[in-house]
Amino acid sequence: MNNSIAELRDALRQASSIAALTGAGISAESGVPTFRGPNGLWRNYSPEKLATPQAFAENPRLVWEWYDWRRGIIRKAQPNAGHVAIAELERRKSGAADPPDGLPDHSGFTLITQNVDGLHDRAGSQNILKLHGDLWIVQCTGCGATELNEEVPLQGDLPPRCRCGAWLRPAVVWFGEPLPAEVWGRAVEASGRAKVFLVIGTSAAVYPAAGLAEVARRAGSRLAIVNPEPTPLDQVADWVLRGPSGELLPRLL
Ligand code: BV8
Ligand code: ZN
């Protein structure tokens, strides 16, 4: 295990394909609270309690307000240098900007995120595998229609209702719900192909997302952790960079 930025930078430069798994920690320096961090989340409910279909069924208004409260914080937040560095890494590792077939070649770098805050999009990342959905999109619990949260007319009662009459919910994956199959398949494929697998700002406690590091390692990838705190993956990592991603990621470019 080593903490050499220079060595990791070289490995990233030489790698024909890289994957990065990010978690709430990459948004911490943007002022977005993490899940299990000291400043915790609203009304000291644990996310495992609120981010579940049961919580929504029992108290849809509370769960909706929790997401509204989070959207309020994220709306005011800006992507930080860590998000920007990831977008730049994607640019450097992607093929020609204007490929002959018009399809940008993203095989060099795949961003896999557990975050639902949309800050990677706003930082300019193009090819994002959102394992746990997107809190800016709402979906109908009845007919399944999805729409952007900003478009939803907030009449009196919460949660708002779809035209079909059923409640709308955040288009995120709650505990106990399956991840979107197509996104998961692409994440496994990218992890199995990565020469270097970056694990940034995640406590690696949530599955199956955290299992992607094992998929990468089994396929021969080298593992790099970026986190101010220890994680369960540290002892199997090739590099452990102990510090904030907003500071360390730009130094990797
Ligand atoms: C499923 C969307 C099956 C919603 C989220 C027992 C053992 C193992 C697994 C389970 C178990 N019991 C249940 C399970 C399965 C469960 C699970 O893993 N539970 C955990 C808690 C044990 N998983 C599921 O339920 C998944 N679904 O398994 O379905 C299935 C299959 C088929 C059919 C039916 C069912 C669904 C999981 C997805 C849940 N949704 N989010 C929302 O956001 O509201 S998870 C939630 O946690 C977020 O997505 C978040 O990203 C994710 C992981 O947390 P982190 O991102 O790691 O954030 P955390 O706060 O934990 O850590 C922050 C890290 O950042 C820390 O390490 C900190 O040191 C670091 N940091 C802080 N500052 C910085 C920093 N790093 C860098 N720079 C900084 N400045
Ligand atoms: Zn509907």
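Whatever order the structure lists ligands and atoms in, that order sets their numbers, starting from 1.
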Checklist entry - Between E7 and R13, is the closest basic N to carboxylate O distance under 4.0 Å? => result no

Checklist entry - For P47, is the nearest heavy atom under 4.0 Å from an atom of ligand 1? => result no

Checklist entry - For ligand 1, is G246 a contact, meaning one of its heavy atoms is under 4.0 Å away? => result no

Checklist entry - At under 4.0 Å between heavy atoms, which part of S203 makes contact with ligand 1: side chain, backbone, both or neither? => result both

Checklist outcome for this item: Near N115 (heavy-atom distance under 4.0 Å), the atoms of ligand 1 are 51 (O)

Checklist entry - Same cluster for V206 and L179 if Ile/Leu/Val/Met/Phe/Trp/Tyr side chains link at under 4.5 Å? => result no

Checklist entry - Can you list the atoms of ligand 1 that are under 4.0 Å from a heavy atom of E177? => result 1 (C), 26 (C), 27 (N), 29 (O), 36 (C)

Checklist entry - Any donor and acceptor pair, going by atom type alone, linking the side chain of E90 with main-chain N or O of Q126 inside 3.5 Å? => result yes

Next on the checklist: Run the side-chain contact (heavy atoms from CB on, under 4.5 Å) test on L8 and L252 for me, step by step, so that the C-alpha distance in whole Å, both residues' side-chain angles and the decisive distance to 0.1 Å come before the verdict.
Outcome noted: CA-CA 7 Å; L8 176 52; L252 280 179; 3.8 Å; yes

Item to check | Parallel, tilted or perpendicular: ring planes of W174 versus F56, cut at 30 and 60 degrees | outcome: tilted

Item to check | Atoms in ligand 1 with a heavy atom of E48 nearer than 4.0 Å | outcome: 21 (C)

Item to check | Enumerated ligand 1 atoms positioned under 4.0 Å from heavy atoms of A24 | outcome: 55 (P), 56 (O), 58 (O)

Next on the checklist: With a heavy-atom distance limit of 4.0 Å, tell me whether A205 approaches ligand 1 through its side chain, its backbone, both, or neither.
Outcome noted: backbone

Item to check | Check: H83/S27 side-chain N/O donor and acceptor closer than 3.5 Å | outcome: yes

Checklist entry - Between T202 (side chain) and A204 (backbone), is there a donor-acceptor pair under 3.5 Å? => result yes

Checklist entry - At a 4.0 Å cut-off, with the gap strictly under it, does some heavy atom of T231 reach an atom of ligand 1? => result no

Next on the checklist: Contact between ligand 1 and I26 is defined here as a heavy atom of the residue under 4.0 Å from a ligand atom; is it met?
Outcome noted: no

Next on the checklist: Counting only heavy atoms closer than 4.0 Å, does ligand 1 sit against the backbone of T34, its side chain, both, or neither?
Outcome noted: both

Checklist outcome for this item: For R70, the ligand 1 atoms with a heavy-atom partner under 4.0 Å come out as 42 (C), 43 (O), 44 (O)

Item to check | Atom indices of ligand 1 within 4.0 angstrom of E29 heavy atoms, with elements | outcome: 78 (N), 79 (C), 80 (N)

Item to check | Presence of salt bridge, D121 and K130, under 4.0 angstrom | outcome: yes

Checklist entry - Parallel, tilted or perpendicular: which fits the ring planes of W66 and F35, with parallel below 30° and perpendicular above 60°? => result perpendicular

Next on the checklist: I need the atoms of ligand 1 closer than 4.0 Å to a non-hydrogen atom of E229, numbered in the order shown.
Outcome noted: 69 (O)

Item to check | Side chain N227, main chain I200, donor-acceptor under 3.5 Å | outcome: no

Next on the checklist: Using heavy-atom distances only, which candidate in V206, T52, L248 approaches atom 52 (C) of ligand 1 most closely?
Outcome noted: V206

Checklist entry - Between R186 and E189, does at least one N-O distance fall below 4.0 Å, as a salt bridge requires? => result no

Checklist entry - When you draw lines from the Zn ion (ligand 2) to SG of C164 and to SG of C140, what angle lies between them, to the nearest 10°? => result 100°

Checklist entry - With atoms numbered from 1 as shown, which atoms in ligand 1 lie under 4.0 angstrom from a non-hydrogen atom of G23? => result 56 (O)

